[in-house]
Amino acid sequence: MKKKLLFIMPGLGAGGGERSLVTLLSQIDYEKYDVDLFLFKHDGIFMKALPEEVNVLKHRDDYLAFTQPFIDSLKILFNASKFRLLFNRILFSLRNQYRKGSAVTEQSAWQYLSMSMDKLQTKYDAAIGFLEKTSIYYCIDKVDAVKKIGWIHNDYDKLGMDVGFDGKYFKQLDEIVTVSKECEHVLKKRFPEQVHKISTIHNIVSPKLIKKLSRITNNDLYNRKAGECILLSIGRLHPQKGFDIAVEACARLIAYGKAVRWFIIGEGEEREQLRKTIRKHNVEGQMILLGLKDNPYPYIEQCDIYVQPSRFEGKSIAVDEAKILCKPIVITNFSTARDQIQNGINGTIAPMNAIDLASAISDLIGNRDKVNELCFRLSNETLGTEEEIDKLYKLVGG
């Protein structure tokens, strides 16, 4: 008899966690598992990449009303005489205005959002909250499952969370999974009473699939000019990803006389601020925000250097993908950087500032011997992680 699994995720936008989930779901043996997926938002570029075997659960009417824009939500709830829910919608809005966008705000707002959700009626063999915060809270509060698993995709200490709030939920989890040994170390230090539950399952990446998708077009995606160096970064437009550092580094490269254009694939709340920063540094022609791309791999394949200027990461999927495509890689020295790059061996780790980042990139531009050496070493690494799915099977009792 098939085991019944539930995965919980905020949405399927263009984030590393979202890409990780879709890849994991593509690897599951559906002859052994039935899989439901609960999404808080039924949108995002990865929706169409879901395997057809995955059953996406529908929302109940109260939740749909609760998550409408504020005034629309109040009108719907009032007309339906849902006065208690209306009151909670007001409190939810007020809470979200306090320290807007912070992790602590999202944590504390859960009590109001959760009022719009019923418990699921299905009994699952395992339920997996696949991202920190609301996915895990939903897993604990709204799901009946033999085993409950929480998944942390970042360096927990960099998330700005209320440890006490999460501690209450983590106690109710059977397993806590994270994506790198450094992230595992941080969690064990922060939650010593949960050490026995914490383990690492690396993000699943498939070299065969990535290489196939990277060669889906032969067109010059960058309209490359003679003698220029194409830099590429991928990530959500958010302060975590350090794209403001990248803009200043780009300006410095141009000041050094380097012919570069630096492209960023991604979308997010920092777009307008980044545009202002780009104008401030007068690099409108050299720093290009490409937005979202369903298939970023041809862009990685055709770039000259891949750059990840992040302030923190759990384990960057984009860096793993650039390694698979044997690109010269420069990353900043975020806490988990050495889980992916050996400095000077298969890439470069630069101090987390624009001056040093620009210097590290400059050292690679035109240095064909160094570039070839880095790429050769990457070509000899074993980079696929498809076998990580077996660790999940073990956790869910497969």
Side-chain angles (χ1 to χ4, degrees), residues 14-27 45-46 49 130-131 151-155 177-184 199-215 231-236 240-242 263-266 293-350 371 374-392:
E18 291 85 345
R19 191 149 81 246
S20 174
L21 175 59
V22 170
T23 305
L24 184 153
L25 291 174
S26 73
Q27 299 292 316
I45 65 171
F46 294 122
F130 201 73
L131 200 68
W151 216 289
I152 310 296
H153 284 265
N154 264 303
D155 176 342
V177 174
T178 191
V179 295
S180 74
K181 288 299 181 182
E182 177 60 27
C183 289
E184 180 181 331
S199 63
T200 295
I201 297 180
H202 296 290
N203 293 316
I204 295 175
V205 290
S206 170
K208 182 178 179 180
L209 177 62
I210 289 169
K211 289 175 181 178
K212 178 182 177 181
L213 291 173
S214 75
R215 293 161 188 157
L231 310 177
L232 176 67
S233 300
I234 299 176
R236 186 162 56 99
Q240 172 192 345
K241 298 300 181 180
F263 294 81
I264 296 175
I265 293 176
K293 298 295 177 183
D294 289 349
N295 179 9
Y297 304 118
Y299 290 88
I300 302 175
E301 174 72 21
Q302 293 186 27
C303 78
D304 295 306
I305 300 172
Y306 182 83
V307 186
Q308 195 70 45
S310 301
R311 291 185 167 89
F312 64 93
E313 291 282 350
K315 191 175 184 186
S316 170
I317 295 175
V319 169
D320 279 344
E321 292 165 343
K323 289 170 69 177
I324 286 169
L325 294 176
C326 296
K327 308 309 296 186
I329 297 166
V330 178
I331 66 176
T332 44
N333 61 338
F334 45 84
S335 61
T336 59
R338 284 165 181 78
D339 284 347
Q340 294 183 275
I341 294 294
Q342 295 173 272
N343 190 31
I345 304 300
N346 62 354
T348 300
I349 301 176
V371 166
L374 293 173
C375 295
F376 175 77
R377 286 174 178 159
L378 285 172
S379 70
N380 285 285
E381 290 189 21
T382 301
L383 296 169
T385 56
E386 295 95 333
E387 72 282 354
E388 292 292 293
I389 194 72
D390 294 329
K391 295 180 182 179
L392 175 64

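In this text, all values refer to a predicted model and were calculated from it rather than measured experimentally. Any value given below was found using the heavy atoms of this structure, including those in side chains, with hydrogens, waters and symmetry copies removed.
- In this structure, the separation between CD1 on Ile345 and CG on Leu374 is 8.5 Å, given to the nearest 0.5 Å.
- Taking CD from Glu184 and OG1 from Thr200, the interatomic distance works out to 3.5 Å, rounded to the nearest 0.5 Å.
- In this view, Asp294 and Lys48 satisfy the side chain to side chain donor-acceptor pair (under 3.5 Å) rule, not counting sequence neighbours.
- At a threshold of 4.0 Å, the pair Arg236-Glu18 does not count as salt-bridged, since none of the basic side-chain nitrogens sits closer than that to a carboxylate oxygen.
- For Asp390, the side chain to side chain contact (heavy atoms under 4.5 Å, CB included) partners are Glu387, Tyr393, not counting sequence neighbours.
- The backbone N or O of Ile204 sits nowhere less than 3.5 Å from a side-chain atom of Glu388 that would complete a donor-acceptor pair.
- Counting heavy atoms from C-beta on, the side chains of Ile329 and Gln340 never come closer than 4.5 Å.
- Atom CD of residue Gln27 and atom CG of residue Leu209 lie 8.5 Å apart, to the nearest 0.5 angstrom.
- Not counting sequence neighbours, the partners of Ser335 by the side chain to side chain donor-acceptor pair (under 3.5 Å) test are Asp155.
- Contacts of Phe263 classified as ring-ring contact (aromatic ring centres under 6.0 Å, His included), with partners at least two apart in sequence or in another chain: Tyr222.
- Separation of atoms CG (Leu231) and NZ (Lys327) is listed at 11.5 Å; rounding is to 0.5 Å.
- Closest non-hydrogen pair, Cys326 versus Cys375, comes out as O-SG, 3.1 Å.
- The heavy-atom pair separating Ile265 from Pro296 by the smallest distance is CD1-CB, 4.2 Å.
- The OG atom of Ser316 sits 8.0 Å away from atom CD of Glu321, with the distance rounded to the nearest 0.5 Å.
- Residues Leu383 and Val205 form no side-chain contact, since every pair of their non-hydrogen atoms from C-beta on lies 4.5 Å or further apart.
- Using a 4.5 Å cut-off on side-chain heavy atoms (C-beta onward), Lys315 and Thr336 make no contact.
- Looking at Glu313 and Lys241, a side-chain N of the basic residue comes within less than 4.0 Å of a carboxylate O on the acidic one, giving a salt bridge.
- Nearest heavy-atom pair, Ala322 versus Ile300, reported as atom, atom and distance to 0.1 Å: CA-CG2, 3.9 Å.
- Contact detail for Glu386 and Pro207: the closest heavy-atom pair is OE2-CD, 3.5 Å.
- Side-chain contact between Ile341 and Thr348 is absent, with no heavy atoms from C-beta onward closer than 4.5 Å.
- Residue Glu301 comes nearest to Ser214 through the heavy atom pair OE1-OG, 3.7 Å, listed as atom of the first residue, atom of the second, then distance.
- Residues Ile324 and Tyr297 form no side-chain contact, since every pair of their non-hydrogen atoms from C-beta on lies 4.5 Å or further apart.
- For Glu182, there are no side chain to side chain donor-acceptor pair (under 3.5 Å) partners two or more places apart in sequence or in a different chain.
- Looking at residues two or more places apart in sequence or on another chain, you find no side chain to side chain donor-acceptor pair (under 3.5 Å) involving Lys323.
- In this structure, His153 and Ser20 have side chains that are in contact, with non-hydrogen atoms separated by less than 4.5 Å.
- Across every non-hydrogen atom of Pro298 and Asn295, the tightest pair is CD-OD1, 3.2 Å.
- Within the model, atoms CD1 of Ile331 and CD1 of Ile349 stand 4.5 Å from one another, a figure rounded to the nearest 0.5 Å.
- Contact check for Ser199 versus Val177: side-chain heavy atoms found under the 4.5 Å cut-off.
- The side-chain heavy atoms of Thr23 and Asn203, taken from C-beta on, include no pair separated by under 4.5 Å.
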